[in-house]
Structures are given as structure tokens and as C-alpha cells.
Amino acid sequence: MRYRPFGASGMAVSALTLRLADSSRLRASEWRALIFTALENGINSFQVEGDSPELLKGAAEAFASVERRLLFLTWRVRGDAAPLNHQAVDGLLKSAFDDLSLDYLDLVLINDPLTPALPPAFEAGLRSLYDSHAIHGLGIASRGDIDPHLLKNGMVTTISSPFNLSSGWAERHRIRHASTHDFAVIGEDFWPQALREGGEMAAPKPSLWRRRSDPLADIGGYEFLHATQGWSGEDICLGYALTEPSLSTVRITADTRADVERLAAVVERDLPNGVCAQIEMARFSAQEREKAANRT
């Protein structure tokens, strides 16, 4: 495992963050084993997104076995941020602090409220926790630009944004700009759904006329994701996301111990020769086809 600085926090976190979301299939003992496997593979960053009793029980038992200062724990508040109020803070206190038996959280992550400020009651509750060091920072998850006034409220230390091999200039500029301003950046959606099932694997087969007139006609799509020996499409997508130095950590989802071990191993692997070039060609080709479609 490799470790990266988490913004200006002074803490180093693992290149991967394991997402822990509710699953009806896993019992507390299985959650505990999953987290232990992550720890054994060097992962020290976890994002808790569920509040099922089995998840919280298993996570609490696993976290209790490790010195707290060695872990980076994020509590993810799902849903629209605009209506958040003091009840959301109460729920946070119960699930994150009581059920997980934690003294503090490194980060609370919410969706972008799309406003210059947080909902007043919610902000007041968070501010109280922040001032008492019960939470060390607030993160904003967004697929677009975050209001600059919100980023200056004093608690925000982190942004969470999608980044993958099809990300365009706007997404790349957004995370690099945040990183240069000392915000930690969590990379989400490294393996986009459109590529999982082959939705954008290959470009439309060009006609003979198009092959003669269009210089992009012979540039392939993303079919190499499923044709690179020794690499799965998910592994390639993760390996590519890890090449972006602006990301403090990349969030992964894994339901089995084998998946955790496989994804953790990607951190120490170099992408095969030629894959980065194939990614750039496929991304450029997709962007040009989109521009052409918009012109028609």
C-alpha cells in the first residue's frame, strides 16, 4: 500500500478508501473480517455510508482493535443536503459516535447543498462538534463546481469528486485546482457504470466512406479494458485513477475479502505498456464524436 498526504491535515492516508455501505448479505462477523482484510493490506481509510446494525457492530469491533490515530474515518451523510437540520446532527451522534463507539470523526462528508452556506441549524450543530474536536473536517461531494463561499466557511477541508479515465478537462481542472488550494480530494466513481457493461466500449463501426474521410474513424473505444491480459477492466480503471497526483485517496467498494486484496494489489502495479496511450486515444475519440453529434 502507498500513502498520500490528506490535504493540509498533516495525516497520511492510504491510496485507497474502503466504502462501507449497507448490505443485507453481510453479517457483523463478515463486516469485521472485511475490514480486517483491508487493514492487513494497508488500508487505513474507511468511509461509512450505512447505518444497519450489522454493519455498525462489525465496524465498531474492527475499529476498536486498532489505535484510533492510525485510522482515517469518514461518515457519509447521504441525500439532499439542503434540508439537513439538527435531527441530522442527532442521527450522526447516535450512529457514528454511540453505535461505532468513536470519540471523533476525521471527516463528515455531505452532498453539495448548491448554496453559498450550509442549512443554519445543521451548520450550528456541526460547528459545535468541530469546535469541540469531535469532527476534524467537513467534506463536500459534488459533480460540479462548489460555491466558493461555502469552501471558505472554515470547516471544509475536503472535496469528493468523480474521476475516471473518461473525465474531461473540467473535472480534471476542478480537482487540481482544489488540491493546489490545500483541499484534500477524494476520487469517486473510478469505474463508471457506462464502462462496466460495455456501454461505451467501442465506437460505432465506420463506413468505408468515413474511414477515408475521418481521421478518428480507426481510433478504438474502450474495448481494451476487457482484452488486456492479466488485468480486469476494474483494475485498469483503478490503476489509471491512481496516476492522478491531485487525489488524496480513491474510494473503492468491495463486498468480499478477495476483492479487497485484488484492488489493494493494484496500488503496487504499473499499468501495462501502451494502456495509458489507449486510454487517451479512446477519451479523445469519444469527446470528438460527442462534439460532432452536438453539431448535427
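Predicted model only: the values in this text are computed from it and were never measured. Counting begins at 1 with the first residue of the sequence.
- When the side chains of ILVMFWY residues are joined at heavy-atom separations under 4.5 Å, either directly or via intervening members, Leu39 and Met1 end up in a single hydrophobic cluster.
- Val13 and Leu105 are members of different hydrophobic clusters when ILVMFWY side chains are connected at heavy-atom separations under 4.5 Å.
- Taking a cutoff of 4.0 Å between a charged side-chain nitrogen and a carboxylate oxygen, Asp145 and Arg174 qualify as a salt bridge.
- There is a path of hydrophobic side-chain contacts, each under 4.5 Å, that joins Leu34 to Leu56.
- The ring pair (Phe, Tyr, Trp, His ring centres under 6.0 Å) test applied to Phe190 returns no partner, not counting sequence neighbours.
- Cluster membership for Leu109 and Leu100, using ILVMFWY side-chain heavy atoms within less than 4.5 angstrom, is not shared.
- The closest donor-acceptor contact from the side chain of Asp106 to the backbone of Leu73 lies under 3.5 Å.
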Practice item. Take Thr74 and Val48 through the side-chain contact (heavy atoms from CB on, under 4.5 Å) test and state the conclusion after the steps. Key: CA-CA 6 Å; Thr74 298; Val48 184; over 6 Å; no
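- By the salt bridge (Lys or Arg N to Asp or Glu O under 4.0 Å) test, Asp51 pairs with no residue at all, sequence neighbours left out.
- For the atom pair CG of Asn111 and CZ of Arg76, the computed distance is 4.0 Å after rounding to the nearest 0.5 Å.
- Contact check on Glu171 versus Arg143 returns no salt bridge, with no Lys/Arg side-chain nitrogen under 4.0 Å from an Asp/Glu carboxylate oxygen.
- Counting heavy atoms from C-beta on, the side chains of Leu93 and Leu129 come closer than 4.5 Å.
- Considering only residues two or more places apart in sequence or on other chains, Tyr104 meets the ring pair (Phe, Tyr, Trp, His ring centres under 6.0 Å) condition with His136.
- The distance from atom CG of Asp147 to atom CG of Asp112, rounded to the nearest 0.5 Å, is 8.0 Å.
- With hydrogens and angles disregarded, no donor-acceptor distance shorter than 3.5 Å links the side chain of Gln47 to the backbone of Arg19.
- Listed by first then second residue, pairs satisfying ring pair (Phe, Tyr, Trp, His ring centres under 6.0 Å) with a partner in residues 29-68 read Phe46-Phe63, not counting sequence neighbours.
- Note: the hydrophobic cluster containing Phe72 does not contain Ile110 (ILVMFWY, side chain heavy atoms under 4.5 Å, direct or indirect links).
- Side chain of Ser179 to backbone of Ile175: no donor-acceptor contact under 3.5 angstrom is found.
- Formation of a donor-acceptor pair under 3.5 Å by the Tyr3 side chain with backbone atoms of Ile43 is not found in this model.
- By the side-chain contact (heavy atoms from CB on, under 4.5 Å) test, Arg269 pairs with Trp231, Asp235, sequence neighbours left out.
- When atom types are taken as modelled, the side chain of Asp22 and the backbone of Ser52 share a donor-acceptor pair closer than 3.5 angstrom.
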Practice item. Please test Asn41 against Arg257 for side chain to side chain donor-acceptor pair (under 3.5 Å), starting from the C-alpha separation and ending with a verdict. Key: CA-CA 10 Å; Asn41 283 272; Arg257 299 173 67 182; over 6 Å; no
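- Within a 6.0 Å sphere centred on CG of Asp131, heavy atoms belonging to other residues, nucleotides or ligands number more than 12.
- With sequence neighbours left out, the salt bridge (Lys or Arg N to Asp or Glu O under 4.0 Å) criterion links Arg27 to Glu30.
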Exercise for review: Apply side-chain contact (heavy atoms from CB on, under 4.5 Å) to Val156 and Ile140, showing your working.
Suggested key: CA-CA 7 Å; Val156 178; Ile140 307 295; 4.1 Å; yes
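- Side-chain atoms of Asn164 come within 3.5 Å of backbone N or O of Asp189 as a donor-acceptor pair.
- A donor-acceptor contact shorter than 3.5 Å links the side chain of Thr243 to the backbone of Tyr240.
- Under a 3.5 Å cut-off, the side chain of Arg172 and the backbone N or O of Ser167 do form a donor-acceptor pair.
- Looking at Ser14, its side chain does come within 3.5 Å of a backbone N or O of Asn44 through a donor-acceptor pair.
- In summary, Arg25 and Glu54 do not engage in a salt bridge, as defined by a charged side-chain N under 4.0 Å from a carboxylate O.
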Practice item. Give the intermediate values and the outcome of side-chain contact (heavy atoms from CB on, under 4.5 Å) for residues Leu138 and Leu126. Key: CA-CA 9 Å; Leu138 176 66; Leu126 281 186; 3.9 Å; yes
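- Considering Leu225, Leu263, Ile252 in turn, Leu263 is the only one that fulfils the side-chain contact (heavy atoms from CB on, under 4.5 Å) rule with Glu234.
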Practice item. Test Leu118 against Met155 for side-chain contact (heavy atoms from CB on, under 4.5 Å), laying out the working first. Key: CA-CA 11 Å; Leu118 298 171; Met155 291 189 292; 4.2 Å; yes
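- Within the 4.5 Å cutoff, the side chain of Phe183 has heavy atoms near those of the Leu151 side chain.
- Between the Ser248 side chain and the Val185 main chain, a donor and an acceptor come within less than 3.5 Å of each other.
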